[in-house]
Structures are given as C-alpha cells and as structure tokens.
Number of protein chains: 4
Amino acid sequence: MLRKQELRSAETRRDILSAAGALFAKRGFDAVTMREIAGKAGCSHTTIYIHFKDKEALLHALSMPSLQELKQRMESILLHHDLSPEERLKGISREFIHFCLQNRTMYTIFFEAKSVRVDEERPALPINQLRNGLFRLLQQALQDCLDRQRGDLLLTSARIFFFTIHGIVGTYTYSEETPEALMDRLSSTFDEAVDVLLLGFRQQTVLRQQTIQGGTIL
Amino acid sequence: MLRKQELRSAETRRDILSAAGALFAKRGFDAVTMREIAGKAGCSHTTIYIHFKDKEALLHALSMPSLQELKQRMESILLHHDLSPEERLKGISREFIHFCLQNRTMYTIFFEAKSVRVDEERPALPINQLRNGLFRLLQQALQDCLDRQRGDLLLTSARIFFFTIHGIVGTYTYSEETPEALMDRLSSTFDEAVDVLLLGFRQQTVLRQQTIQGGTIL
Amino acid sequence: MLRKQELRSAETRRDILSAAGALFAKRGFDAVTMREIAGKAGCSHTTIYIHFKDKEALLHALSMPSLQELKQRMESILLHHDLSPEERLKGISREFIHFCLQNRTMYTIFFEAKSVRVDEERPALPINQLRNGLFRLLQQALQDCLDRQRGDLLLTSARIFFFTIHGIVGTYTYSEETPEALMDRLSSTFDEAVDVLLLGFRQQTVLRQQTIQGGTIL
Amino acid sequence: MLRKQELRSAETRRDILSAAGALFAKRGFDAVTMREIAGKAGCSHTTIYIHFKDKEALLHALSMPSLQELKQRMESILLHHDLSPEERLKGISREFIHFCLQNRTMYTIFFEAKSVRVDEERPALPINQLRNGLFRLLQQALQDCLDRQRGDLLLTSARIFFFTIHGIVGTYTYSEETPEALMDRLSSTFDEAVDVLLLGFRQQTVLRQQTIQGGTIL
DNA sequence: AATGAATGAGGGTTCATTCAT
DNA sequence: AATGAATGAACCCTCATTCAT
C-alpha cells in the first residue's frame with residue numbers, strides 16, 4: 001500500500017516538469033523562477049529540489065525525453081521506404097519543426113547552446129549527443145534526395161537546408177498561435193520550402209555540370 | 001557657455017549608448033548590468049537614468065539608429081540599377097545578415113520580440129514600423145527577381161526566402177567568431193543560398209505552369 | 001518476538017550516535033547535517049527524530065557517555081596509589097587532553113558552552129554536573145602534588161593549571177593531525193608543562209614563605 | 001558641501017562594523033546573518049554590500065585595525081627598557097589577553113583558523129601575517145626573560161607559555177563578565193601565572209644543568 | 001547634469017523538521 | 001519502528017531603481 005505515496009510523488013514530479021516546461025517555453029530558462037515553477041506546479045519550491053538536483057537538472061530532465069521521442073519519430077520516417085525520398089525529407093522536416101514549435105523557447109535552449117553548454121567541462125553530455133544525432137538524421141534524409149551531389153556540394157546544400165529549417169522555427173518560435181494551429185496553417189508552406197530547395201539544389205547541379213561540360217568543349 | 005554643458009551631456013549619452021550596444025551585443029540584454037554599462041561608459045549608473053527612462057528605453061534608443069542606418073544601406077542597394085536584380089537581392093541579403101551578426105543578441109531583441117515586445121500596450125511603436133520596413137525592402141528585392149510570380153505564389157516565395165535569411169542569422173548568432181570572420185568564411189555560401197532559392201522559385205513557377213497547361217489540354 | 005524489534009531499534013540508535021559522534025568530532029556541530037548523519041548511520045533522516053528530539057538532543061546523548069567514560073578513567077588513575085602524585089597528575093592530564101583531542105569540536109561544545117549552554121534556563125543539566133566533576137578530579141590530583149599549599153594559594157594554582165591544560169587542548173583542537181599522532185608527538189611536551197608548573201608552584205611557595213619570614217625578622 | 005554625504009556614509013560604515021563586531025563577538029561568525037547585522041546597524045542588508053564585498057570582507061575589515069592596534073601596543077611595551085624583562089612579559093601578556101577578551105569570539109576567528117583560513121589559496125593574507133607577528137612578539141618577550149635557555153629548550157618553554165596564555169583566553173572567552181571586570185578581577189592571577197611559569201622554566205634549567213654536571217662527574 | 005548612498009524585491013539553494021503512510 | 005515526501009524559514013548575494021545632494 002506504499003504505492004499511494006509513490007504515485008503521489010510521481011505526480012508531483014510530473015507537475016513540476018509540466019509547469020517548468022510551460023514556463024521555460026513561454027519565457028525562457030533564465031527568466032523563470034524556481035518559485036514560479038513551484039507555484040504553478042502546486043508545491044513548495046523546496047520540493048523541486050527533492051526531485052531535481054537544481055534548475056539545470058530540471059531542464060535536462062525536461063529535454064531528454066522529448067528529444068528522444070522526436071528522434072524516434074524521425075528515425076521511423078527515415079526507415080519508411082514506401083515513401084519517396086522527398087516525402088521522407090518533408091516528413092522529417094515537418095516532425096522536427098513541429099517539435100521545435102511545441103517546445104518553443106526550449107528549442108532555443110537545446111539548439112542555441114545557452115544553458116546546456118557545449119563546453120569543455122562536460123563534452124559528451126548526453127543531450128548534446130542527442131542533438132547531433134538529430135542533425136545527422138536530417139542530413140541523411142537530404143542526402144537521399146540529392147544522390148547526384150557529393151562532398152562539398154552536398155555539404156553546402158545541407159547547410160542551406162538547415163538554414164531554412166532553422167529560420168522557419170525561429171520565425172514562429174515567439175508566435176502566440178498554438179503549434180497545431182501553426183502547422184495547420186503553414187505546413188504546406190513548409191513542404192513547399194522543401195520542394196523549392198530541392199528544385200534549386202538539383203537545378204544548380206545541372207548548371208554546374210553544364211558549365212563544366214561547356215568549359216571542356218571550348 | 002551653456003553649450004559646453006550640453007555638449008558634455010550629449011557625449012555622455014553617446015558613451016552610454018555605445019557601451020550598452022557593445023555589451024548587449026556581446027552578452028545579451030538580460031545578462032548585462034546597468035552598472036557594467038555605466039562602468040564601460042565612464043559614468044555613474046545613476047547617470048544612465050538621466051538620459052534613459054530605464055534599461056529597456058536604452059535598448060530602444062540603441063536599436064533605432066542602427067536599424068535606420070541599415071535601412072538606408074538596403075535602400076541604396078535597391079536603387080542601384082547598374083546591378084542585376086539578383087545582385088541587388090544578394091547585396092541586400094548580405095547587408096541584412098551582416099547587420100544581424102554584428103548586433104547578435106540585439107538581433108534577437110529586434111526580431112524576436114523579446115524585450116521590445118510587439119504587444120498590445122504599444123502597438124505602433126516606431127521600432128516595429130522600422131522593422132516592417134526592412135522586411136518590405138527585402139521583399140521588393142525578391143520581387144524584382146521573380147517578375148513572373150504574383151500574389152499568393154510570390155507571398156509564399158517571400159516567406160520561404162525570409163525563413164532562410166532568418167535561419168542563417170539564427171545559426172550564427174551565438175557563434176564565437178567575429179561578424180567579419182563569419183562573413184568572410186560564409187558569404188559565398190549565403191550567396192549560393194540565394195541562388196538556390198531563386199532557381200527553386202523559378203523552376204517551381206515553370207512546373208506549375210506546365211501543370212496548368214497540361215491540365216488545360218486534357 | 002518483540003525483543004528482536006527492540007534490539008533492532010537499539011542498534012539503530014547506536015548507529016546514529018556513532019555516526020553523529022564521528023561527524024561532529026570531525027567537522028563541528030553546525031557544519032554537520034541531519035541527512036549526513038542519517039546517511040552514515042544507514043537510516044533515514046526522519047528516523048533520527050524517533051530516537052532524539054532534535055539535533056541538540058543528539059549532541060547531549062552523545063556527550064554523556066563519553067564524558068562518563070573519561071571520568072572513570074580519570075578516577076581510576078587518581079586511585080592508583082602505586083604512582084607518585086606527580087605521575088598521577090600527569091596521567092590524569094594526559095587522559096583529559098587525549099579525550100579532548102579525540103572529541104575535538106565536541107570539546108568546544110562541552111567546555112565552551114556553545115550549543116550545550118550553561119544558561120539560566122537549565123541550570124543543573126546533568127552534563128554540567130559531570131563537567132564540574134571532571135574539573136574537581138583534576139584539582140584533587142593537583143592538590144596531592146602541592147600538599148604545602150592551602151586555600152587561596154591552592155585555588156590560584158589550580159586556576160593556572162587549568163589554563164594551561166585548556167590552552168593545550170585549544171591549541172590543537174583544530175589541528176589536522178590525528179589525536180594519536182598529536183599525543184605521540186607532544187605528550188612529552190605536555191608532561192614537561194606539568195613539571196614546569198609544579199616546579200613553579202613549589203618555588204613560589206618557597207619564595208612566599210621566605211618573604212613572610214624575612215618580613216617577620218625585620 | 002558634498003562632505004555631508006560622505007560623513008553619513010562613513011557613519012553607516014561604522015555602524016555596520018560595530019554591529020557586526022558585537023554580533024560576531026557574541027554569537028560567532030557563522031551564526032550571524034547579514035540581515036541581522038543590517039538590522040542592528042539600522043540599514044538595509046544590501047547596504048552592507050556597498051561597503052563590504054561580502055561577509056568575510058566584513059570580518060577582515062573588523063579584525064585588521066584592532067589587531068594592528070594590539071600589535072603596536074605590544075611592540076611599545078617590548079621596547080620599554082625601563083621595565084624589567086619580567087614586567088615586559090607580563091605587560092605584553094596582559095595586553096594580549098585583554099585584547100582577546102575584548103574581541104571574544106573574534107578571537108576564535110582570528111586564532112583558530114575558522115573563517116580566516118590559513119589555507120593554500122591565500123597563503124599570505126595580511127591578517128595571517130599580522131597574527132604570526134603577534135606570536136613572535138610574545139616569543140621575544142619570553143626569550144628576554146630566559147636568557148640562559150637556547151634552542152629546543154627555549155622552544156618548549158615558548159610552547160608551554162603559549163598554552164597557558166591560550167588557555168586563559170579560552171577559559172574566559174564565553175564569560176558574561178565584561179573584559180574590564182575580568183581584567184580587574186583576574187589580572188593578578190594572570191601575572192602570577194607568568195611568575196609561576198618563569199620560576200618553573202628557570203628551575204628546570206637549573207635541574208637539567210645539575211643532571212648534566214652530576215652525570216659528568218660520576 | 002551628475003553622483004554616491006541606499007533600498008526592496010527577488011535570485012537559487014540548503015536545512016531542520018513534520019506529515020502521511 | 002521506520003520512511004519518503006514535503007515544507008517554511010533562512011541563507012548569502014545581485015539587480016534595477018530612487019533619493020538626497
């Protein structure tokens with residue numbers, strides 16, 4: 001019958017996580033107070049310290065599971081060989097964007113190295129590895145679409161692709177609309193962005209080859 | 001003889017602005033202390049309050065002139081009819097990116113509504129008008145390149161173009177490299193991003209028209 | 001069958017006491033945490049409150065037995081009539097010093113009225129009686145050495161003797177060396193301190209008597 | 001006319017110092033709160049941080065001047081060649097004891113390495129140098145009295161002498177009596193302690209020489 | 001115009017202790 | 001008897017801001 005207590009504790013932990021998640025997302029890590037989190041979670045601020053070592057640990061606990069879930073979703077799309085490479089790339093991108101919008105300012109924290117520092121002291125922090133893994137997945141999906149590109153050319157394309165994804169997220173990070181509303185309203189635009197980029201990348205490959213051939217002929 | 005005092009005062013004001021600008025740019029609005037600004041400006045922290053209502057007013061005052069300067073630079077490129085439309089778009093984009101990198105965290109503040117809120121209480125803040133003006137300039141330059149696009153199609157292209165620009169800036173906002181080093185290293189990549197997007201936009205216009213024509217034929 | 005439980009309880013109590021003793025001795029009363037004590041004792045910190053009213057009660061319970069043991073050791077030396085009075089005084093002093101060094105910060109607490117206050121509210125606390133008993137034993141041992149001293153003269157000698165003992169302990173209370181290392185290295189110095197004091201006391205008795213006699217003669 | 005403000009500030013500083021001094025002395029460094037000090041000093045706790053970097057700086061500021069004054073008093077006695085060496089030693093000891101009683105728990109802090117650590121990170125902290133200087137003065141005064149002692153013998157004597165002084169201070173550190181009342185009541189006892197020790201030291205020198213001579217003769 | 005002094009609100013964190021089980 | 005969860009008070013310290021000069 002001890003279970004009741006454990007359940008209660010787990011519930012508190014969840015309350016704290018969800019309160020912190022909402023507040024971090026809305027106002028950013030630094031601006032949020034432990035006492036605010038506690039207030040929203042319906043417990044004393046000291047209780048937080050029972051469940052999490054400190055504020056940063058709270059952030060970590062908050063990030064890891066959702067990032068892991070995202071990674072799984074992205075991986076499963078990548079392995080979905082019924083889909084065309086273009087569909088897989090669009091799917092993965094949509095998933096990534098949706099996640100970032102759902103986690104709003106959290107996104108800033110994960111990806112812009114603010115509090116979760118990529119610094120010397122903790123080089124292989126699991127969260128950083130996860131982050132890098134996500135980027136590699138996107139890159140793989142892109143490569144599957146651009147099988148005629150190699151090396152530097154591919155790298156540049158990947159960079160440009162990332163810029164656009166990053167920009168989409170950045171543009172709507174501070175929007176007041178819900179992530180779902182945003183996705184409903186804009187996912188076709190996002191898909192089109194992918195289309196445009198792929199068209200551009202391929203067209204450029206063609207142009208380059210023509211230039212080279214032309215150059216050789218002359 | 002009063003003039004001397006006035007000059008002195010204006011100078012102090014400038015010192016404060018330049019100190020605050022440098023510090024905000026390097027470490028972000030929140031992380032900078034009024035006392036630090038005062039220290040770097042060579043005055044007492046109370047003096048700042050003589051010239052600026054509060055920390056946020058300081059930020060405002062700081063943003064306006066540099067944004068205005070940026071706007072002028074962008075406008076002059078747009079009017080530079082010796083250049084091809086593509087060159088003008090690349091030039092304007094480079095200028096915008098360079099500015100955002102130079103002002104780093106400031107950028108976040110201008111464009112991501114952090115401290116300079118685009119909120120209900122002050123709807124038509126001059127800074128927001130300026131901001132919108134900048135976007136219109138970019139849009140115009142883009143339109144000059146896509147003269148066969150109209151209406152919704154053009155709007156979507158503009159959006160996608162902004163995403164990429166925004167993403168470029170976001171990607172390097174927290175970099176340790178100087179803006180100049182970044183521009184040196186990456187401006188060809190940025191130019192290429194513009195090329196790719198333009199190629200993609202045009203190719204898509206072609207595809208759509210083919211689809212429509214094909215549809216008509218059947 | 002209840003016995004088993006009782007035994008278990010008594011054992012827990014002992015574990016707590018021994019953990020607290022070690023920690024208080026090493027780091028001082030204030031610096032030690034109830035949770036640390038619990039950790040070292042292998043129980044939950046709440047369990048401590050079943051056995052002891054609060055942190056201070058723990059200290060009390062801790063002091064009594066060790067003081068009582070010390071008292072017994074000192075008494076047995078005092079009754080050891082094979083030894084010369086000087087040897088007994090040295091022995092008793094060594095015992096007392098060794099105890100104080102072993103109990104380090106505890107010593108401060110017993111003897112310098114820090115947490116176990118000798119204050120108005122609890123005048124005849126058993127611990128204070130014990131403490132006074134120890135001092136009387138030392139005094140007795142001293143008196144056995146100074147059989148020609150009486151009354152005020154003896155009182156002054158006792159005071160001076162205590163000062164020195166107290167100072168020895170105080171000097172090494174915060175040392176990093178183990179009590180045993182300290183005793184090894186310094187017990188001959190401590191013995192010599194006793195020798196010096198006895199020589200001094202006796203010499204002074206002689207001088208006073210000469211003064212008195214001389215005074216009488218003139 | 002700015003002076004008024006400066007005076008006020010200096011007064012606040014003094015108020016803080018005197019409040020902190022009283023509280024540290026009565027209850028010890030750790031137990032005293034910045035807010036308490038502020039309360040007693042009649043200012044906000046933040047004001048303390050205007051005048052002193054942190055709590056430890058407050059302690060330093062508090063200790064240095066009084067220690068310096070003590071050192072000067074001790075030095076002037078040592079140079080007072082009208083007095084006999086014995087008188088000088090008694091005078092210096094009295095001065096030292098009086099100071100320690102006046103500064104009570106401060107004494108603990110200075111001399112027992114609690115907060116003002118003699119640790120690796122700040123080896124040559126001025127306060128530690130001062131402290132060592134004081135001990136050397138006492139040692140010099142003792143040596144002037146024991147001109148027939150050398151080397152190890154002298155060192156042991158010095159140690160024993162320190163023990164006694166240390167013990168005197170320790171014994172009365174927590175007394176409720178004022179330092180003046182204590183000095184009035186006990187300074188003759190303290191003087192006598194010095195007499196006894198000197199007699200003992202000298203007598204022991206004599207005994208040793210006899211032992212040596214005796215040994216040689218036999 | 002400019003400043004040093006001063007402040008209140010609040011930051012994260014720790015601790016001894018109590019409550020429900 | 002024993003425990004994990006939870007708490008409120010308190011810790012030192014920092015900051016943007018105001019006041020008196």
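Just so it is clear, the values below take in all heavy atoms, side chains as well, and ignore hydrogens, waters and symmetry mates. Convention: sequence-line order gives letters A, B, ...; per-chain numbering from 1. None of the values given here were measured: they were computed from a predicted structure.
Put simply, CZ on F52(A) is 13 Å from P on dT13(E), counting in whole angstrom units. Separating the CG atom of D54(D) from the C1' atom of dT14(F) is a distance of 13 Å, rounded to the nearest angstrom. Rounded to whole Å, atom P of dC15(F) lies 13 Å from atom CG of D30(A). Taking atom CD1 of I16(C) as the reference point, atom P of dA1(F) lies 12 Å away to the nearest angstrom. In this structure, OH of Y49(B) is placed 14 Å from P of dT3(E), rounded to the nearest angstrom. For the pair E6(D) CD and dT3(E) C1', the interatomic distance rounds to 11 Å; values are reported in whole Å. If you measure from atom CZ of R8(C) to atom P of dA2(F), you get 7 Å, rounded to the nearest angstrom. Look at CZ on F24(A): it is 9 Å from P on dG12(E), rounded to the nearest Å.
With axes fitted over five pairs at each extremity, the angle between the ends of the helix from dA2(E)-dT21(F) to dT21(E)-dA2(F) is 30° (10° resolution).
When each of S9(C) and R13(A) is assigned the nucleotide of DNA chain F bearing its nearest heavy atom, the one mapping closer to the 5' terminus is S9(C). Projected onto DNA chain F by closest heavy-atom contact, A31(D) and K53(B) fall at different nucleotides, the more 5' of which corresponds to A31(D).
Judged by distance alone, the side chain of S9(A) and the main-chain N or O of Q5(A) form no donor-acceptor pair under 3.5 Å.
Among residues two or more places apart in sequence or in another chain, the side chain to side chain contact (heavy atoms under 4.5 Å, CB included) test is passed with F52(B) by R13(B), I16(B), L17(B), I48(B), A57(B), L58(B), A61(B). Partners of R35(A) under the side-chain hydrogen bond (donor to acceptor under 3.5 Å, both in side chains) rule, at least two apart in sequence or in another chain, do not exist in this structure. Every residue meeting the side chain to side chain contact (heavy atoms under 4.5 Å, CB included) condition with E11(A), not counting sequence neighbours, appears here in chain and number order: R8(A), R14(A), D15(A). Residues meeting the side chain to side chain contact (heavy atoms under 4.5 Å, CB included) test with S44(A), sequence neighbours left out: T46(A), T47(A).
Here I37(D) contributes atom CD1 and K55(D) contributes atom NZ; the two are 6.5 Å apart, rounded to the nearest 0.5 Å. Between the CE atom of M64(D) and the NE2 atom of H60(D) there is a distance of 8.0 Å, given to the nearest 0.5 Å. Atoms CZ and CZ, from F29(A) and F24(A) in turn, are 5.0 Å apart once rounded to the nearest 0.5 Å. Separating the CG atom in L23(C) from the NZ atom in K40(C) is a distance of 5.0 Å, to the nearest 0.5 Å.
Residue I50(B) places its side chain closer to dT3(E) than to any other of dA2(F), dT17(E), dT3(E).
Residue T46(C) places no side-chain N or O under 4.0 Å from the OP1 or OP2 atom of dG4(F). For H51(C), no side-chain nitrogen or oxygen approaches OP1 or OP2 of dA1(F) to under 4.0 Å. A close approach under 4.0 Å does not occur between any side-chain nitrogen or oxygen of T12(B) and OP1 or OP2 of dA1(E).
Applying a 4.0 Å cut-off to non-hydrogen atoms, the residues of residues 32-45 of chain A that approach DNA chain E are V32(A), T33(A), M34(A), R35(A), H45(A), listed by residue number.
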